[in-house]
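Notes follow the structure.
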Amino acid sequence: MTAKTHGQDAHTPLSKLQTGMFTLRLNFLPRITFLIVFSIIMSVPFWWMLSTSLKAEYQVLLFPPRWFPIPIKWQNYPDVFIKAPFVVWFGNTLFITVVSLVGTLFSASLVAYGFARIQFWGRNVLFILVLSTMMLPDVVTLIPTFILFSRLDWIDTFLPLIVPVFFGGSAFFIFLIRQYFTTIPFDLEEAAFIDGASTFTVFWRIILPLAKPVLGTVGLFSFLGNWNDFMRPMIYLNSPEKKTLAVGLRYFQSQWGTEWALMMAAATIMIVPVLIVFFFTQRFFVKGIALSGLGGR
């Protein structure tokens, strides 16, 4: 009797653990179910766009709607490139986006490093001044910047879309990176300075490698902002061969707006790179946002 009792007692913790895990799974089941249902609902517009892009024109407005095109018309995608210079627009957008991405990551991180790790007189006041620029709507600075770029003879070039990001980029990006930099221990810098490293060496070889999550987050925001930017390319770029995808899509709509299958194919071409970039950077995005709100000095 005693041996049996001891045997049952020995297995009791395991039984409790199994019961606890089963209960935990049951508690998470409604959440997982909700997330799955919500994800399906949110993906409906994208699926409708993709489905419509593969339909024949007479199938687009059928009621009840067809969610699966039969037959699949792959020719819609080559027709888009035939009827509009999407290859040129894609190249322009990619060039502006990549150069702006590099400029934003370098300049914003350099400015953020100064605010986070270097002690100088008036640092906090200057940082508040930088943050205050976030309260200015873009339309307020639109006319002054246009006059400036016009006098520099930069209109109808890519320079107004590229050069400004090399001077600090967005105040929001500076704030986000600065908050992340404050979470990195100062002991790493002090050890590097003792070994004779310069300030820029510490920034380039120690701080930046540790800041990959927030740099990935800023890079994602920068990519999305420049890839989908409509206002600035519309204002500064006049030549048809210098249009970006966002402006070109609007032009394509004015020419072929009644052909919805072609319009959805053009929209799919524009959104697919965004989905690919987000898929590969989402882990950096989540981690960067989570850690950038932690306290600092």
Side-chain angles (χ1 to χ4, degrees), residues 42-63 65-105 149 154-163 165 219-282 285:
M42 295 300 294
S43 64
V44 167
F46 177 75
W47 172 253
W48 180 253
M49 177 184 67
L50 182 62
S51 173
T52 304
S53 69
L54 296 173
K55 291 179 180 178
E57 197 61 39
Y58 72 90
Q59 294 180 334
V60 173
L61 300 178
L62 289 179
F63 187 83
R66 290 187 180 180
W67 291 94
F68 298 92
I70 302 175
I72 297 177
K73 189 178 180 181
W74 297 103
Q75 186 60 32
N76 288 338
Y77 286 89
D79 288 345
V80 168
F81 290 95
I82 293 173
K83 295 185 177 183
F86 263 86
V87 175
V88 177
W89 298 343
F90 187 92
N92 295 340
T93 307
L94 186 63
F95 174 76
I96 294 172
T97 301
V98 171
V99 175
S100 299
L101 175 63
V102 174
T104 296
L105 290 179
F149 294 142
W154 286 4
I155 302 300
D156 203 26
T157 69
F158 295 148
L159 294 178
L161 307 176
I162 294 174
V163 173
V165 301
L220 178 60
F221 282 145
S222 175
F223 182 91
L224 294 178
N226 288 284
W227 187 269
N228 297 320
D229 191 10
F230 177 80
M231 181 67 71
R232 294 185 305 156
M234 172 65 76
I235 294 173
Y236 298 125
L237 302 178
N238 301 324
S239 303
E241 66 274 8
K242 293 182 179 179
K243 293 182 183 295
T244 60
L245 277 175
V247 179
L249 191 63
R250 181 65 184 87
Y251 169 79
F252 188 85
Q253 182 182 12
S254 65
Q255 298 295 319
W256 311 97
T258 56
E259 299 187 23
W260 295 108
L262 293 181
M263 274 297 303
M264 294 299 103
T268 303
I269 293 171
M270 183 174 179
I271 200 175
V272 164
V274 175
L275 296 178
I276 294 175
V277 170
F278 183 78
F279 177 79
F280 285 103
T281 59
Q282 59 178 335
F285 174 76

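Just so it is clear, the values below take in all heavy atoms, side chains as well, and ignore hydrogens, waters and symmetry mates.
- Counting heavy atoms of neighbouring residues, nucleotides and ligands inside a 6.0 Å radius, atom CH2 of Trp48 exceeds 12 of them.
- Side-chain atoms of Ser222 never come within 3.5 Å of backbone atoms of Gly219 as a donor-acceptor pair (strictly under, hydrogens ignored).
- In this structure, Leu237 and Phe158 have side chains that are in contact, with non-hydrogen atoms separated by less than 4.5 Å.
- Within the model, atoms CG of Leu245 and CE of Met270 stand 5.5 Å from one another, a figure rounded to the nearest 0.5 Å.
- For the pair Tyr236/Phe149, a side-chain contact is recorded, criterion being any heavy-atom separation below 4.5 Å from C-beta on.
- Atom CG of Asn238 is separated from atom NZ of Lys243 by 8.0 Å, given to the nearest 0.5 angstrom.
- Side-chain N or O atoms of Ser100 include none that pairs as donor or acceptor with a backbone N or O of Thr97 at under 3.5 Å.
- Side-chain atoms of Ser239 and Asp156 form a donor-acceptor pair, as typed in the model, at a separation below 3.5 Å.
- Remark: side-chain polar atoms of Ser51 are not paired, donor with acceptor, to backbone N or O of Trp47 under 3.5 angstrom.
- Note: Trp227 CH2 to Leu94 CG = 5.5 Å, rounded to the nearest 0.5 Å.
- Side-chain contact check for Ile269 versus Val80: some heavy-atom pair is nearer than 4.5 Å.
- One finds the OG1 atom of Thr93 at 9.5 Å from the CZ atom of Phe86 (value rounded to the nearest 0.5 Å).
- Counting all heavy atoms, side chain and backbone alike, Asn76 lies closest to Lys55 at ND2-O, 2.9 Å.
- Taking every heavy atom of both residues into account, Val247 and Pro233 meet most closely at CG2-CB, 3.7 Å.
- Across all their heavy atoms, Met264 and Met49 have their closest contact at CB-O, 3.5 Å.
- Closest approach of Pro273 to Phe90, counting heavy atoms only: CG-CE1, 3.9 Å.
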Show, in sequence, the C-alpha distance, side-chain angles and deciding distance for Thr268 and Tyr77, and conclude whether the side-chain contact (heavy atoms from CB on, under 4.5 Å) test is met. CA-CA 9 Å; Thr268 303; Tyr77 286 89; 3.5 Å; yes
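- Of all non-hydrogen atoms in Asp229 and Thr244, the two that sit nearest each other are O-OG1, 4.2 Å.
- Looking at every heavy atom in both residues, Pro160 comes nearest to Arg232 through O-NH1, 4.2 Å.
- At least one donor-acceptor pair closer than 3.5 Å links the side chain of Asn92 to the backbone N or O of Glu241.
- Between atom CD of residue Gln75 and atom CD1 of residue Ile82 there is a gap of 6.0 Å, rounded to the nearest 0.5 Å.
- In terms of modelled atom types and a separation under 3.5 Å, the side chain of Trp89 and the main chain of Leu249 share no donor-acceptor contact.
- The structure places CE of Met263 at 6.5 Å from CH2 of Trp260, a figure rounded to the nearest 0.5 Å.
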